[in-house]
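Chain identifiers are assigned alphabetically (A, B, ...) following the order of the sequence lines, protein sequences preceding nucleic acid strands; residue numbering begins at 1 within each chain.
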There are 2 protein chains.
Amino acid sequence: MDKSKLFQQFVRFTTSVHQVTNDLTKEINIENITTVQYKILEFITVSQPVTLSEISECLHLSLPNSSRELKKLIQSQLCEKIVDSDDRRKFDILLTEKGTELMDNVFHQLELKFQEQINHLTESELQEIEEAMKILQTKFFA
Amino acid sequence: MDKSKLFQQFVRFTTSVHQVTNDLTKEINIENITTVQYKILEFITVSQPVTLSEISECLHLSLPNSSRELKKLIQSQLCEKIVDSDDRRKFDILLTEKGTELMDNVFHQLELKFQEQINHLTESELQEIEEAMKILQTKFFA
DNA sequence: CTCATTTGTTATCATTTGATAACTAAATAA
DNA sequence: TTATTTAGTTATCAAATGATAACAAATGAG
C-alpha cells in the first residue's frame with residue numbers, strides 16, 4: 001500500500017466531509033448563539049455529561065474562554081452545572097430541558113437534510129455506506 | 001435500513017472526523033496567518049485555481065471579507081491573481097512559489113502525523129480503509 | 001446604446017474570539 | 001499542617017471576524 005497515496009486520499013476525503021457538514025449546518029443559526037457557543041452545545045449534546053476542562057481541551061479553547069462562553073449558555077438556560085460530589089472543584093455539564101429541546105430541533109433539521117441527500121440511494125448502497133463508516137470509525141477515527 | 005440509525009451513525013462519524021483533523025492541524029500554526037487565512041490557503045491548495053466567489057461561497061465568507069483576507073495573503077506573497085482574459089472582472093487565484101512551498105511543508109507535517117496514526121495497521125486494514133473512503137467519497141460525499 | 005447584472009473593492013463599525021494575569025476554592029502530597 | 005497542584009473564575013485588552021453600505025468596472029440583455 002502506497003501510504004502517501006493514502007494520505008492524499010485522506011486529505012481529499014476529510015475535505016469533502018468538512019464541506020458536506022459545513023453545508024448541512026450552514027443554515028442552522030440560532031438566535032443569540034455564536035459559532036463557538038454552538039460548538040460547545042454540540043459537544044455537550046454528543047458527549048454529555050462533560051466537564052469544563054473537556055470542553056476546553058476538545059474544542060481547543062482556553063479554560064477562561066470556555067468558562068466565559070459556558071456562562072452565557074447557562075444564562076440562556078441552555079445548560080447547567082451539576083457539582084461533582086467527589087471533587088467539588090469539578091462539575092458535570094448537561095443540557096437543560098430547554099437546551100435539549102433546542103438541540104433536538106437542530107438535529108431534526110439536520111436529519112431532514114441528511115435524508116434528502118441519501119434518498120436517491122438504493123438499499124445496498126446504504127448498507128455499503130453504513131459498513132464503510134463503521135470501518136473508518138473503528139479502524140481509523142477511533 | 002433504518003435511516004434514523006444511519007443518521008446517528010453519520011453524526012458520530014463526522015464528529016470523529018472533525019476531532020481527528022482538528023487534532024492533526026492543531027499544532028500547525030503559521031506566523032502571521034490567521035485561522036481564516038489558513039482555511040483560504042488550504043482551499044486554494046486543494047482546489048487551485050479558484051475564484052474569489054468560490055472562496056466566498058465554499059468557506060461561507062462574505063465577498064468583502066474574502067477580498068480583505070485574500071489581499072493580506074497576496075501581500076504576504078503566498079498567492080496571486082491571474083486575470084481571466086475571457087471575463088476581466090474575474091481572476092484565478094493560485095499559490096505563488098512561496099505559498100506552494102509553505103503548504104507543501106504543512107502537508108508534509110500533516111502526513112507525518114497521519115503516518116504515525118496508521119503505522120500500527122496491517123496491510124489488509126489499510127486496504128479496507130482505502131476502500132471505505134472510496135465508497136463514502138463516491139456514494140455520499142460526492 | 002443603455003440599463004441591469006455580475007464580480008469584486010474599499011471603508012467602517014460592531015461583535016466575537018484569543019490571550020493573559022491575578023484570583024478562589026478544593027484536593028492532594030509532603 | 002503547610003505547600004502544591006488542580007479546576008475553574010473574573011477582568012481586561014488586543015486581534016480576528018462578521019456585516020453592511022457605497023462604490024467601480026466589466027459583461028450581457030433588450
Side-chain angles (χ1 to χ4, degrees), chain A residues 18 22-23 25-44 47-76 78-94, chain B residues 18 22-23 25-44 47-76 78-94:
Chain A
H18 280 106
N22 227 4
D23 286 344
T25 51
K26 185 187 176 180
E27 289 150 40
I28 306 285
N29 81 347
I30 307 166
E31 198 90 14
N32 300 320
I33 295 289
T34 70
T35 309
V36 172
Q37 284 162 24
Y38 175 73
K39 281 190 181 161
I40 292 176
L41 280 180
E42 207 175 52
F43 178 65
I44 298 172
S47 311
Q48 224 166 14
V50 300
T51 66
L52 192 65
S53 299
E54 285 167 351
I55 291 178
S56 169
E57 194 190 319
C58 295
L59 272 46
H60 306 317
L61 297 170
S62 69
L63 212 41
N65 292 337
S66 304
S67 176
R68 175 183 62 197
E69 298 309 321
L70 180 64
K71 197 175 168 188
K72 292 175 194 162
L73 291 173
I74 289 170
Q75 272 161 4
S76 315
L78 295 172
C79 38
E80 58 187 339
K81 297 177 178 178
I82 308 233
V83 180
D84 182 336
S85 51
D86 290 339
D87 183 340
R88 279 165 41 212
R89 289 166 307 181
K90 294 186 193 173
F91 46 82
D92 282 344
I93 300 160
L94 294 167
Chain B
H18 281 106
N22 226 4
D23 287 343
T25 51
K26 186 186 176 179
E27 288 150 41
I28 307 285
N29 81 346
I30 308 165
E31 198 92 12
N32 300 321
I33 295 289
T34 69
T35 309
V36 171
Q37 283 163 24
Y38 175 74
K39 281 191 182 162
I40 292 176
L41 279 180
E42 206 177 50
F43 178 65
I44 298 172
S47 311
Q48 225 166 11
V50 301
T51 66
L52 192 65
S53 301
E54 284 167 350
I55 291 178
S56 169
E57 195 190 319
C58 295
L59 272 47
H60 306 318
L61 297 170
S62 70
L63 212 41
N65 292 336
S66 304
S67 178
R68 174 184 61 198
E69 298 309 321
L70 180 64
K71 197 175 168 187
K72 293 175 193 162
L73 291 173
I74 290 170
Q75 272 162 3
S76 313
L78 295 172
C79 39
E80 59 188 338
K81 296 176 178 179
I82 309 233
V83 180
D84 182 335
S85 50
D86 289 338
D87 182 341
R88 279 163 42 212
R89 289 167 305 184
K90 295 185 192 172
F91 46 81
D92 282 345
I93 301 160
L94 293 167

Polar side-chain atom of A:S56 near backbone of A:L52 as donor-acceptor pair, under 3.5 Å: no

Residue-phosphate contact under 4.0 Å: A:R88 side-chain N/O, C:dA26 OP1/OP2: yes

Check: B:I74 and B:K71 side chains under 4.5 Å, non-hydrogen atoms: no

Whether B:T51 side chain and B:F91 backbone form a donor-acceptor pair below 3.5 Å: no

Criterion salt bridge (charged side-chain N to carboxylate O under 4.0 Å, His left out) on A:K39 and A:E42, from CA distance to verdict: CA-CA 5 Å; A:K39 281 190 181 161; A:E42 207 175 52; over 6 Å; no

Least distance between heavy atoms, A:D86 atom then A:D84 atom: N-OD1, 2.7 Å

Candidates B:I93, B:D92, B:I40 - the one meeting side-chain contact (heavy atoms from CB on, under 4.5 Å) with B:V50: B:I93

Reading 5' to 3' through nucleotides 11-21 of chain C, protein heavy-atom contacts under 4.0 Å coded B for base, S for sugar-phosphate only, - for none: BB---SBBBBB

Sugar-phosphate only, base, or nothing, as touched by B:K39 at under 4.0 Å among non-hydrogen atoms: nothing

5′-ward residue of the pair A:S85/B:K81 relative to DNA chain C: B:K81

Atom pair distance, as rounded to whole Å: CD1 in B:I33 and P in D:dA15: 16 Å

Phosphate contact (D:dT9 OP1 or OP2) by A:K90 side-chain N/O below 4.0 Å: no

Gap between atoms CD1 and P, on B:I82 and C:dT7 respectively (whole Å): 19 Å

Global bending angle along the helix from C:dC1-D:dG30 to C:dA30-D:dT1, which compares the axes of five pairs at either end, to 10 degrees: 30°

B:R89 (side chain) and D:dT27 (base): donor-acceptor pair under 3.5 Å: no

Side chains of B:H60 and A:D23 in contact at under 4.5 Å (non-hydrogen atoms): yes

B:L63 backbone acceptor or donor facing B:S67 side chain under 3.5 Å: no

